[in-house]
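One-based numbering, in listed order, for ligands and for the atoms of each. What you are looking at is a predicted structure, and each value in this text was computed from that prediction instead of being measured. In what follows, every heavy atom counts, from backbone to side chain, and hydrogens, waters and symmetry copies are set aside.
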Amino acid sequence: MPERKFSNKHIISMRDLSREDMIYLLDIAEGIHDGSIKPDMAGKIAALLFFEPSTRTCFSFESAMKRLGGETLLMKGTGSTSVQKGESFADTLKTIERYSDIIVIRTAVEGAARFASEIIGLPVVNAGDGANQHPTQALLDLYSIRKTQGTLENLKIGLVGDLRFGRTVHSLSQALAGFNPEFYFISPSHLVMPEHIKSGLRSLGVNFTELQSVEEVVSELDIMYVTRIQKERFADPEEYEKLKGSYVINLETIRNAKENMKILHPLPRVDEIAEEVDASPHAYYFEQAENGVYTRQAILSILTGGISK
Ligand code: CP
């Protein structure tokens, strides 16, 4: 068992987690994956409150809890809850906290998970808040990067696609900042990385280059992290229509890639990675989705005391 080094009650933003927190969590996830660590979650209940749609995050949290012997309360949308009768977000949380040991929450509202952590007594996990943060995705991304590259240090990482609204790339760039990355931010000009993320990276001395073409740097990359254009975040549907399909990764795009370059994608995919890439040794996105179970098992176990200290 790794020496305990995790200083957070909640997981809300990658900015809250130290390098030691991240490495400890990844080590626990690895131990769960290889069977050397067996958390005991019997009798514990995770409330999974998904105000926004989800496949991977929701079901991998559910799978994680159940495979550890715990149970879940699952809300997918508010359709069958008293939110429909006008119950507030705060009252909903103050009620659910009495039925569970940890709350996992996804909403379209930036800051909602932080607010939840401030008004209830249970650990809160942010499963995505609008275009802001998706820290559990960043942790499974770190797990996937370390597993495929053998290290998190000194890697060349291309973040491709919707860097403006993509919460996964915001969280991942912050997560990797302490590991001396060389970032390439590759996006259409309307979808560049927000200034507040870039200024945070600059203040930490992190190098990044902004460009519009993957081909310019593909031969340099250790990881190509591709994202979907986040249709649901556009205020103007016409702007989305203009940008959709503006980049597609296919076998030709990655012809000059390093042998061990891996393509990650948080999924879901629309058309930004051609299906022909799936059979390539560079494709790692479905393994990445599987790694979400081990990482979320570690998160649930650490935050609820399901592993011995
Ligand atoms: N990666 C991710 O968050 O996927 P879902 O939206 O399906 O949960």
Side-chain angles (χ1 to χ4, degrees), residues 11-14 17 25-26 29 46-67 72-78 102-110 112-113 116 124-145 147-148 157 159-176 191 223-234 240 244 249 262-273 277-278 283-300:
I11 295 183
I12 305 296
S13 163
M14 289 313 291
L17 270 58
L25 196 146
L26 298 187
L48 310 179
L49 306 183
F50 281 74
F51 292 80
E52 268 200 320
S54 169
T55 298
R56 277 144 294 274
T57 312
C58 184
F59 291 128
S60 65
F61 263 115
E62 198 172 17
S63 173
M65 197 64 182
K66 289 181 172 173
R67 286 183 174 178
T72 57
L73 303 176
L74 176 59
M75 186 198 88
K76 282 187 81 86
T78 59
I102 184 168
I103 289 186
V104 177
I105 184 165
R106 169 174 288 192
T107 81
V109 181
E110 296 185 20
V124 173
V125 178
N126 181 5
D129 61 331
N132 184 32
Q133 284 274 324
H134 195 348
T136 71
Q137 177 70 45
L139 289 162
L140 78 89
D141 295 338
L142 292 184
Y143 185 86
S144 301
I145 292 169
K147 192 167 171 57
T148 59
I157 313 265
L159 301 179
V160 183
D162 185 350
L163 309 186
R164 177 179 171 194
F165 296 121
R167 57 195 175 196
T168 63
V169 286
H170 302 163
S171 291
L172 181 59
S173 57
Q174 291 169 339
L176 282 165
L191 298 176
I223 294 289
M224 182 191 294
Y225 191 96
V226 185
T227 60
R228 169 180 69 91
I229 296 186
Q230 307 278 302
K231 181 180 181 182
E232 64 276 27
R233 310 278 177 232
F234 281 76
Y240 170 74
K244 76 174 185 189
I249 307 301
K262 295 297 178 194
I263 302 173
L264 304 186
H265 190 311
L267 302 176
R269 145 176 75 178
V270 180
D271 56 6
E272 57 281 355
I273 300 178
V277 176
D278 296 1
Y284 192 74
Y285 23 93
F286 291 110
E287 291 91 338
Q288 178 188 2
E290 177 184 331
N291 292 338
V293 176
Y294 314 123
T295 312
R296 289 173 174 130
Q297 285 176 316
I299 290 167
L300 292 165

- Rounded to the nearest 0.5 Å, how far apart are CZ of Arg296 and CD1 of Ile299?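 Going from the CZ atom of Arg296 to the CD1 atom of Ile299 covers 6.5 Å.
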
So if I count the atoms of ligand 1 from 1 in the order they appear, which ones are less than 4.0 Å from some heavy atom of [X]?
X      : result
Thr55  : 5 (P), 7 (O), 8 (O)
Leu267 : 1 (N), 2 (C), 4 (O)
Pro266 : 1 (N), 2 (C)
Thr57  : 2 (C), 3 (O), 4 (O), 5 (P), 8 (O)

- Message: Strictly below 4.0 Å, N to O, side chains only: are Arg167 and Glu232 in salt-bridge contact?
- Response: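 No.
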
- Query: Between Ile12 and Ala113, what is the shortest heavy-atom contact and its length?
  - Reply: CD1-O, 3.6 Å

- Return the minimal non-hydrogen interatomic distance between Arg106 and Ala127, and the atom names on each side.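 So the minimum-distance heavy-atom pair works out to NE-O, 2.8 Å.
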
- Task: Mark the output for Arg106 as yes if a heavy-atom distance to ligand 1 is under 4.0 Å, and as no if none is.
- Result: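 Heavy atoms of Arg106 do come under 4.0 Å of ligand 1.
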
- Check against side-chain contact (heavy atoms from CB on, under 4.5 Å), Ile223 and Tyr284: CA-CA 10 Å; Ile223 294 289; Tyr284 192 74; over 6 Å; no

